[in-house]
Amino acid sequence: MSNTKHPATSETTKANPAWVKWLDRRTGIRSLLHEALDEPIPGGARWAYVFGSGLLYLFLSQIVTGIFLTLYYVPSSDHAHTTVAYISKVVSSGLFVRSVHAYGASAIIILLILHISQTLLYGSYKGRRDLLWLSGCVLLALMLGMAFTGYLLPWDEKSYFASAIGTNLIGEVPLIGPPMQELLRGGMQMGTLTVSRFFVLHVFILPGLLFAFIATHIFLFRKKGAAGPIQEDPYTPKLPTQGFYPRQVAMDMVASLFIVLALALVAHFLPIDLGPRANPADTSYIPRPEWYYVPMFQWLKIVSGRWSLIGGIFLPAFLALLFAAIPFLDRGRERRPWRRPVVVASFVIFIGSYVALGVASHRDDASDPSVASQLALQNQAEINYMHQPFQAQATSGTTSAALATSNPLVTKGATIYEAQSCSACHGENGTGTAAAPALVGIDRKYSADQLAHLLHHFSPKMVQGGMPAVDLDPADTDALVAYLRSLK
Amino acid sequence: MSTSSQLPEQQSAPIHERRSFLGALFAIVGGVVSATLAVPLIRFATYPLRATAGGTSWSDVGKMDEFTSLTAPVARTIQVERVDGWRSSFAQNAVYIVPLGAGKLKVLSSVCPHLGCTVRWVDKQGQFVCPCHGGIFTESGALVHGPPLRAMDSLQTKVENGMLKVRFEYFREQVSDKEPMA
Ligand code: FES
């Protein structure tokens, strides 16, 4: 390395304010900072290197927005959709925060593609950076898992059906597929256990693994050092270096600023839609995955039938393995892309085919009039739903819900129960208070006739408890008895 | 970016100026980033502080024409919606529609201002009677005698499209002034 002592080091030692010195004596913060900021970059800072820290920045943004969303979100099939609708329609800045989080997932995918392309084209995985590459592959898989599990959580039509298809796919894997699918869904069908499982994966398990592997990735990166430009030797860098601080830091910050502003603008002007609540019985719904999974989806359509196992499961698995094995296959010192035609061409062909599959999927949808009209319908339903005002979810089990379904005698009895202030002591809906016992389940103890008799001829216990006299004609007594016996 | 052996930071350029420029850049970037994200996040988290309280909903009592020819108070059960965040529940409460003559009326809460029992209208007596401790009120809800410290509580009403609506509230018990409970 051409420079061992960064100018910033000597500069800061003199100009440090007292509190920095105070902190440094206790934490060694200064050497930590220098360790972090003086990372030498062979050949100097470049815009091509900003994607990694951009990803780190986006990950942090996802963590923060995700934590905030959890303030209102409830992971159950009963409430997930209502709470997301509440976030989107009622809570201040809710639609914005949710949009930043949802679009953040797409942004991460885009940056992953850029980060991987840069690494691949620059041959930056060379020079004993194979483990670094592998940890990156794990991170890619984890991020795709985050995108997949997060997508279901709003429990609207599109997320439900996309996840149903995604989990169906897992069931296609021979032998381990079906039990895996059942484990992931928490049963044979998608349901409230699926939401819980996806939530736990999305919020606890995958982020935990992400933290661990990001730490590993950064550690391995710092261990071997930045690879530098394509003409640099991967094992023993020869080019003059430049510290990470300040140029690369500035570039990274400008890139992050660009990402935030882009995300914020899209989130503000094109906020994400929430569709109507998932209706598993809706057979006309045509599911479409998120854009980054669309080509995969199209590919499965093409290979369906006789080739589904080979084309749909084994080929993608083989490609994934091949991708992870790149540093072990392309081992020379040569980093210039035009001297590594096989790797670079394969990658370009893969990306090209992936894009082509996506385009083909869109063309297929547009050219089939029945599909196109149904998709337009679904899109319109989402827009309409977003324009409806928020409707609070009526809690089940209230008197009103029970009354709506009961016979008129019971309804009348309920009114008498209120009007006679029975509820003052026996509680609303006969649930009991400190003053008098609960009446719930009284039908198991007394018949209707016994109850009617008891109301006019108190038992010693009732007299002792200070129950006021019940002054009702026979018709009202019957109604009250019918109501009491309906309390469950 | 050049890859000559003299890279920009290695030059003996005026470091102070460059550093203060960078400091300013970082401050601006940091400020913009934190404002774009922090402001919405703070608003998001503090939303419940600004949300309108749930107890202000109006409940339907019945069509106005049902009550125009009333001569004595009648009881009606109303559904009071309570909104709790993203969920709502309905509670039932009894109210009395009291004719004031000349087609005017008022709505009284059936909750006794003493300890909250449900006050009953007794037609034979022409009075409201509380079954718990014998509080008695006139036909218009004024206190006659008994442990309650004030008259029966009247509720806010309005008429919309011929529908009488009432805003149900609970009031503090055992005080002589009508104070809504928050
Ligand atoms: S509660 Fe009505 S008189 Fe005591």
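Below, chains carry the letters A, B, ... as their sequence lines are ordered, and counting in each starts from 1.
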Heavy-atom pair of closest approach, residues Pro131(B) and Pro468(A): O-CB, 4.2 Å

Looking only at side-chain N and O atoms, does Thr82(A) offer a donor or acceptor that is under 3.5 Å from a partner on Arg87(B)? no

Chain B contact via [X] - side chain, backbone, both or neither, heavy atoms under 4.5 Å:
X: Ala264(A); value: side chain
X: Tyr57(A); value: side chain
X: Phe96(A); value: side chain

Pick from [options] with the largest number of heavy-atom pairs that fall under 4.5 Å of chain B:
options: Val260(A), Val90(A), Asp471(A); value: Val90(A)
options: Ile259(A), Leu69(A), Val64(A); value: Leu69(A)
options: Val254(A), Val100(A), Leu257(A), Val91(A); value: Val91(A)

So what's closer than 4.5 Å to chain A heavy atoms on [X]: side chain, backbone, both or neither?
X: Leu41(B); result: both
X: Ala45(B); result: both
X: Ser110(B); result: neither

Distance from Leu263(A) atom CG to Thr36(B) atom OG1, nearest 0.5 Å? 10.0 Å

Going from OG on Ser92(A) to CD1 on Ile42(B), what distance comes out if it is rounded to the nearest 0.5 angstrom?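 It comes to 12.0 Å.
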
Specify whether His79(A) and Trp86(B) have parallel, tilted or perpendicular ring planes, treating 30° as the upper limit for parallel and 60° as the lower limit for perpendicular.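 Tilted, since the angle between the ring planes falls between 30° and 60°.
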
Taking atom [atom1] as the centre, does [X] end up with more than 12 heavy-atom neighbours from other residues, nucleotides or ligands that are less than 6.0 angstrom away?
X: Gln391(A); atom1: CD; result: no
X: Lys158(B); atom1: NZ; result: yes
X: Phe458(A); atom1: CZ; result: yes
X: Asn161(B); atom1: CG; result: no

Given the options Gly116(B), Cys132(B), Ala75(B), Gly85(B), which has more heavy-atom pairs under 4.5 Å with chain A than any of the others? Gly85(B)

In terms of heavy-atom pairs under 4.5 Å, which option from Val32(B), Thr118(B), Val111(B) contacts chain A the most? Thr118(B)

Between the main-chain N or O of Phe44(B) and the side-chain N or O of Tyr72(A), is there a donor-acceptor pair closer than 3.5 Å?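 Yes.
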
